[in-house]
Asks: 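If you scroll down you'll find the structure; I have some questions about it.
Hydrogens, waters and symmetry mates play no part in the numbers below; they use all other heavy atoms, side chains included.
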Amino acid sequence: MTEPGYTEDGVPTFEHVRETIERRSTTAAGYEELVSESPEGQAQAEREAKHDSDARDKLEEIRRSLRGDG
């Protein structure tokens, strides 16, 4: 007897793979939403935004120095 979602050869069906991916994607999206709404998640998002901003500023500083602008 074969397991549901698999062929007789033990290969997962396309439908089984699709459902697995959708389930994992939905779970991850829900988890991300919960985390982002928590105080810790918001603090982490603020730290990441500050880090990204600092990185963009540093990159622009390097570009200016390479152009001879500063």
Asks: Under the salt bridge (charged side-chain N to carboxylate O under 4.0 Å, His left out) rule, collect the residues that match up with D54, sequence neighbours excluded.
Replies: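 Salt bridge (charged side-chain N to carboxylate O under 4.0 Å, His left out) list for D54, sorted by chain: K50.
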
Asks: With sequence neighbours excluded, what pairs up with L66 under the side chain to side chain contact (heavy atoms under 4.5 Å, CB included) test?
Replies: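 Side chain to side chain contact (heavy atoms under 4.5 Å, CB included) check on L66 returns I62.
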
Asks: Tracing side-chain links under 4.5 Å among I, L, V, M, F, W and Y, which residues wind up in one group with L34?
Replies: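 Direct or chained contacts put L34 with none.
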
Asks: Suppose the criterion is side chain to side chain donor-acceptor pair (under 3.5 Å): which pairs have a residue in residues 29-39, not counting sequence neighbours?
Replies: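 Qualifying pairs, neighbours excluded: none.
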
Asks: Can you name the residues that form a side chain to side chain contact (heavy atoms under 4.5 Å, CB included) with Q42, not counting sequence neighbours?
Replies: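 Side chain to side chain contact (heavy atoms under 4.5 Å, CB included) list for Q42, sorted by chain: empty.
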
Asks: What residues form a side chain to side chain contact (heavy atoms under 4.5 Å, CB included) with S53, not counting sequence neighbours?
Replies: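 Counting only residues at least two positions away or on another chain, S53 forms a side chain to side chain contact (heavy atoms under 4.5 Å, CB included) with R56, D57.
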
Asks: With clusters built from Ile, Leu, Val, Met, Phe, Trp and Tyr whose side-chain heavy atoms come within less than 4.5 Å, directly or transitively, what are the remaining members of the cluster of V17, listed by chain and number?
Replies: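 Members alongside V17: I21.
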
Asks: Apply side chain to side chain contact (heavy atoms under 4.5 Å, CB included) to R47 and list each qualifying residue two or more places apart in sequence or on a separate chain.
Replies: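 R47 satisfies side chain to side chain contact (heavy atoms under 4.5 Å, CB included) with A43, Q44 once adjacent residues are dropped.
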
Asks: The criterion is salt bridge (charged side-chain N to carboxylate O under 4.0 Å, His left out); which residues satisfy it with E19, sequence neighbours excluded?
Replies: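 Once residues adjacent in sequence are excluded, E19 has no partner under the salt bridge (charged side-chain N to carboxylate O under 4.0 Å, His left out) criterion.
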
Asks: By the rule that ILVMFWY residues connect when side-chain heavy atoms come within less than 4.5 angstrom, directly or transitively, which residues belong alongside L59?
Replies: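 When side chains under 4.5 Å apart are linked, L59 ends up in no cluster with other residues.
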
Asks: For E15, enumerate each residue passing the side chain to side chain donor-acceptor pair (under 3.5 Å) test, keeping only those at least two apart in sequence or located in another chain.
Replies: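 With sequence neighbours excluded, E15 shows a side chain to side chain donor-acceptor pair (under 3.5 Å) to R18, given in chain and number order.
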
Asks: Can you name the salt bridge (charged side-chain N to carboxylate O under 4.0 Å, His left out) partners of R63, sequence neighbours left out?
Replies: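 Salt bridge (charged side-chain N to carboxylate O under 4.0 Å, His left out) check on R63 returns nothing, list empty.
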
